[in-house]
A.B. asks: 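The structure that follows is given in the form of structure tokens.
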Amino acid sequence: RGVIRLDSVTKRYANGHQGLINVSLTIHRGEFLFLVGPSGAGKSTLIRLLYGEEQPTEGQVIIDQFHLQRMSRRQLPRLRRQLGIVFQDVKLLPTRTVFQNVAFAMEVVGASYRDIRRRVPQVLDLVGLLPRQDHFPHQLSGGEQQRVGIARALVNQPTYILADEPTGNLDPDTAWDIMKLFTEINRRGATVVMATHARDVVNQLHKRVIAIEKGRIVRDEARGVYGYEA
Ligand code: ADP
Ligand code: ADP
């Protein structure tokens, strides 16, 4: 339980592009892991394989008791409930308030009205947006919108947070605030897997760093650095 395992995973796309080549990897409960590497290296592919958005061409992805290649499509929602997903492009519902955007993630998994009333303010407080709960997305800054995205990913208390360049659209100060939020979430017990180009953040946090190049893991360090110029 609480372990993510990739076993000799290769992902070839229909157009012939190699996403990943023979990647094996274990991520333990409570880890904070950065995926780094040039554009096109395979970071997003790895994250999409973890939430079942893509299937490997070869090999196995195993998360807790879920063998992603052996389970039926119907089990996917059960797995996804354990996963909080945060993207660069937040995609909030424009006609719903902050509260309603976060509540929606609980509604789709069938949570009761009572639990929603209790839980949504808790998670908005954690991301510092309780005072903005009745605002609409267009009334928020980019950093605030991303924090709503994080609240939405956290609201069902997932074991894992998967984040694909969550600070890619943000200025450096705002990016740091968001990163601090992820470290707090990790401190509270969630496993965090994050693809990022935020070089300074990676270099200062001393977390596990996995570098990917051309679909292969070229480096895996317990207290790593970004390791690329640019
Ligand atoms: P990164 O996230 O590190 O930028 P990606 O995982 O997006 O890398 O891409 C890895 C490789 O797979 C690249 O060659 C990219 O062009 C290719 N690729 C990614 N997604 C697709 C897709 N949906 N269809 C075809 N090729 C893809
Ligand atoms: P798909 O259409 O790829 O199957 P879903 O729309 O079912 O994905 O979303 C899967 C999970 O990811 C849901 O919990 C959803 O709230 C979350 N999610 C989807 N898009 C985003 C996003 N842009 N930012 C954050 N979470 C998202």
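Both counts, for ligands and for their atoms, begin at 1 and track the order of listing.
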A.B. asks: Taking the six-membered ring of Phe32, is the NZ or CZ of Lys207 close enough (under 6.0 Å from the centre) and on axis enough (within 45°)?
C.D. replies: yes
A.B. asks: Starting from atom 7 (O) of ligand 1, find the nearest protein heavy-atom neighbour and note its residue, name and distance.
C.D. replies: Ser44 CB, 3.7 Å
A.B. asks: Considering only protein heavy atoms, which is closest to atom 14 (O) of ligand 1, and at what distance to one decimal place?
C.D. replies: His17 ND1, 3.1 Å
A.B. asks: Identify, for atom 12 (O) of ligand 1, the protein heavy atom at the shortest distance, and state residue, atom and that distance.
C.D. replies: Tyr13 CE1, 3.4 Å
A.B. asks: Please state which protein non-hydrogen atom is closest to atom 20 (N) of ligand 1 and give its distance, to 0.1 Å?
C.D. replies: Arg48 NH2, 3.1 Å
A.B. asks: Between Lys214 and Gly42 (side chain of the first, backbone of the second, donor and acceptor by atom type, cut-off under 3.5 Å), is there such a pair?
C.D. replies: no
A.B. asks: Using a strict threshold of under 4.0 Å (side-chain N to carboxylate O), is an ion pair present between Arg48 and Glu54?
C.D. replies: yes
A.B. asks: With a 4.0 Å cut-off on heavy atoms, is Pro38 touching ligand 1?
C.D. replies: yes
A.B. asks: Does any N/O atom on Glu54 come nearer than 3.5 Å to any N/O atom on ligand 1?
C.D. replies: no
A.B. asks: Quick check: does any side chain N or O of Asp7 sit under 3.5 Å from a backbone N or O of Val61, one acting as donor and the other as acceptor?
C.D. replies: no
A.B. asks: Could you tell me whether the side chain of Arg29 reaches within less than 4.5 Å of the side chain of Thr159, counting heavy atoms only?
C.D. replies: yes
A.B. asks: Determine whether any heavy atom of Lys11 lies closer than 4.0 Å to an atom of ligand 1.
C.D. replies: no
A.B. asks: Quick one: does Ser39 get a heavy atom under 4.0 Å from ligand 1?
C.D. replies: yes
A.B. asks: Please check if the number of heavy atoms outside Arg117 that lie under 6.0 Å from its CZ is greater than 12.
C.D. replies: no
A.B. asks: Any idea which protein heavy atom is nearest atom 6 (O) of ligand 1, and the distance to it?
C.D. replies: Thr45 OG1, 2.6 Å
A.B. asks: Students should be able to answer this: which protein heavy-atom is nearest to atom 11 (C) of ligand 1, and at what distance?
C.D. replies: Gln18 O, 3.5 Å
A.B. asks: Test the Lys11-Tyr13 pair against the cation-pi criterion, namely NZ or CZ under 6.0 angstrom from the six-membered ring centroid and within 45° of the ring axis.
C.D. replies: yes
A.B. asks: Can you tell me which residue and heavy atom of the protein come closest to atom 25 (C) of ligand 1, and the distance to 0.1 Å?
C.D. replies: Asn15 ND2, 3.1 Å
A.B. asks: Flag the pair Glu184 and Lys180 as a salt bridge only when some basic side-chain nitrogen lies within less than 4.0 angstrom of an acidic carboxylate oxygen.
C.D. replies: no
A.B. asks: Closer than 4.0 Å to some heavy atom of Gly42 - which atoms of ligand 1 meet that?
C.D. replies: 1 (P), 3 (O), 5 (P), 6 (O), 8 (O), 10 (C)
A.B. asks: Is a salt bridge present between Glu221 and Arg219, judged by a nitrogen-to-oxygen distance below 4.0 Å?
C.D. replies: yes
A.B. asks: Who's the nearest protein heavy-atom neighbour of atom 4 (O) of ligand 1, and how far?
C.D. replies: Gly40 N, 2.7 Å
A.B. asks: Go through the steps to decide whether His197 and Glu165 satisfy the test side-chain hydrogen bond (donor to acceptor under 3.5 Å, both in side chains), and finish with yes or no.
C.D. replies: CA-CA 7 Å; His197 290 287; Glu165 291 200 43; 3.2 Å; yes
A.B. asks: What atoms in ligand 1 come closer than 4.0 Å to a heavy atom of Ala41?
C.D. replies: 1 (P), 3 (O), 8 (O)
A.B. asks: Closer than 4.0 Å to some heavy atom of Gly19 - which atoms of ligand 1 meet that?
C.D. replies: 12 (O)
